[in-house]
Amino acid sequence: MFSLSWTELSLRLVLAAVFGAAIGIERERKDWAAGMRTHMLVCVGSCLMMMVSSFGFGDTMGRENVELDPSRVAAQIISGIGFIGAGTILFLKPTTVLGLTTASGLWTVAGIGMATGGGMYYAAIATTILAIIILWGMQPIQKKFSPKFQNKSLVISIKPDTSPQLIIERFFEDKHLDFANFSINRTAEETIIEMKIEKAGNATLKQMAQKLHEDPSVKKISWSN
């Protein structure tokens, strides 16, 4: 019966922790719910389950009417990690979903842990490096060329007795500003207008913000990607 030595078993678990931490650090610096420790635990747990699947049933091997399929545990890991990934996805609004990259990262980390547990060290190392490049290295390129990062959300807080239509009409008058959608939220203290500006330069937004700041009915203005 083939089994892992203590040295090999420890090596695989430690490597899985290192691989998971390397990917989790990128999520940690952005303060996501699934950070370094979560990625480490997913990777180490997947590694352990893979080793259990491959070597944990050795005492039953060779018995009559006993058939084992180690790949079944691996398939269950892939399915089960979906529940953890779903917990990192946030539906803030009907058109705003956050956490998909973190969820896909956890799914990839599970695969890295399985590869490490199965002794496929090169595959685990190569996937870890590629995942870090995708998550960390590709982000500046994506911000430069992706329209998603060129859009900005402008949030305007006005006095409750002011008509939001007067503010929105200013955006229709500016030919350099295009907005995909806007929402209005009224409370007793204020009315909040949130507008999604498409491909707006910082200079254009600053000019519009300056004009709105001069309006006495505007309480606060902020914008973000």
Side-chain angles (χ1 to χ4, degrees), residues 1-62 67-90 97-149 225:
M1 179 185 69
F2 178 74
S3 61
L4 290 177
S5 64
W6 290 106
T7 304
E8 180 68 16
L9 189 147
S10 301
L11 174 63
R12 295 188 184 189
L13 291 174
V14 170
L15 282 177
V18 172
F19 297 150
I23 297 175
I25 287 174
E26 198 279 337
R27 299 285 90 187
E28 186 83 23
R29 71 187 182 93
K30 293 188 175 182
D31 200 25
W32 284 104
M36 182 180 68
R37 291 184 300 172
T38 302
H39 283 76
M40 289 177 70
L41 285 173
V42 168
C43 200
V44 171
S46 300
C47 176
L48 173 63
M49 287 182 278
M50 193 66 183
M51 288 190 294
V52 170
S53 175
S54 301
F55 310 107
F57 305 99
D59 55 341
T60 62
M61 294 293 292
E67 295 183 3
L68 296 177
D69 183 6
S71 64
R72 294 184 61 184
V73 175
Q76 293 302 315
I77 296 173
I78 295 299
S79 300
I81 197 63
F83 290 96
I84 300 178
T88 66
I89 300 174
L90 304 176
V97 181
L98 298 176
L100 290 175
T101 303
T102 302
S104 61
L106 287 172
W107 187 74
T108 303
V109 163
I112 293 172
M114 291 165 57
T116 306
M120 301 174 64
Y121 299 132
Y122 177 79
I125 294 172
T127 305
T128 301
I129 294 173
L130 285 174
I132 293 174
I133 292 174
I134 292 170
L135 290 172
W136 207 328
M138 296 293 293
Q139 191 176 54
I141 299 176
Q142 185 183 18
K143 285 185 175 181
K144 184 176 181 180
F145 295 103
S146 176
K148 180 181 70 172
F149 290 95
N225 289 329

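These values consider heavy atoms only, across backbone and side chains, with no hydrogens, waters or symmetry-generated copies. This is a predicted model, so every value here is computed, not measured.
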Practice task
Look up atom OG1 in Thr127 and atom CD1 in Ile112, then write down how far apart they are to the nearest 0.5 Å.
Solution key: 5.5 Å
Handout entry: Closest non-hydrogen atom pair, Met114 against Ile77
Key = SD-CG2, 3.7 Å
Show me the side-chain donor-acceptor pairs of residues 9-17 shorter than 3.5 Å, one per line, residues at least two apart or across chains.
unit_1	atom_1	unit_2	atom_2	d
Ser10	OG	Trp6	O	2.8
Arg12	NE	Glu8	OE2	2.9
Arg12	NE	Tyr121	OH	3.2
Arg12	NH1	Gly117	O	2.6
Arg12	NH2	Glu8	OE2	3.3

Problem - Ile81: partners by side chain to side chain contact (heavy atoms under 4.5 Å, CB included), with sequence neighbours left out - result: Val42, Ile84, Trp107, Ala110
Completion exercise
Scanning both residues in full, the closest heavy-atom pair of His39 with Val109 reads O-CG1, 3.3 Å
Handout entry: Within residues 100-119 or reaching into it, pairs that qualify as salt bridge (charged side-chain N to carboxylate O under 4.0 Å, His left out) - sequence neighbours excluded
Key = none
Fill in the blank from the handout: Ala115 meets the side chain to side chain contact (heavy atoms under 4.5 Å, CB included) criterion, sequence neighbours left out, with Met120, Ala124
Practice task
Starting at CG of Leu48, measure out to SG of Cys43 and round the result to the nearest 0.5 Å.
Solution key: 12.0 Å
Handout entry: From Thr128 atom OG1 to Ile133 atom CD1, the distance as rounded to the nearest 0.5 Å
Key = 11.0 Å
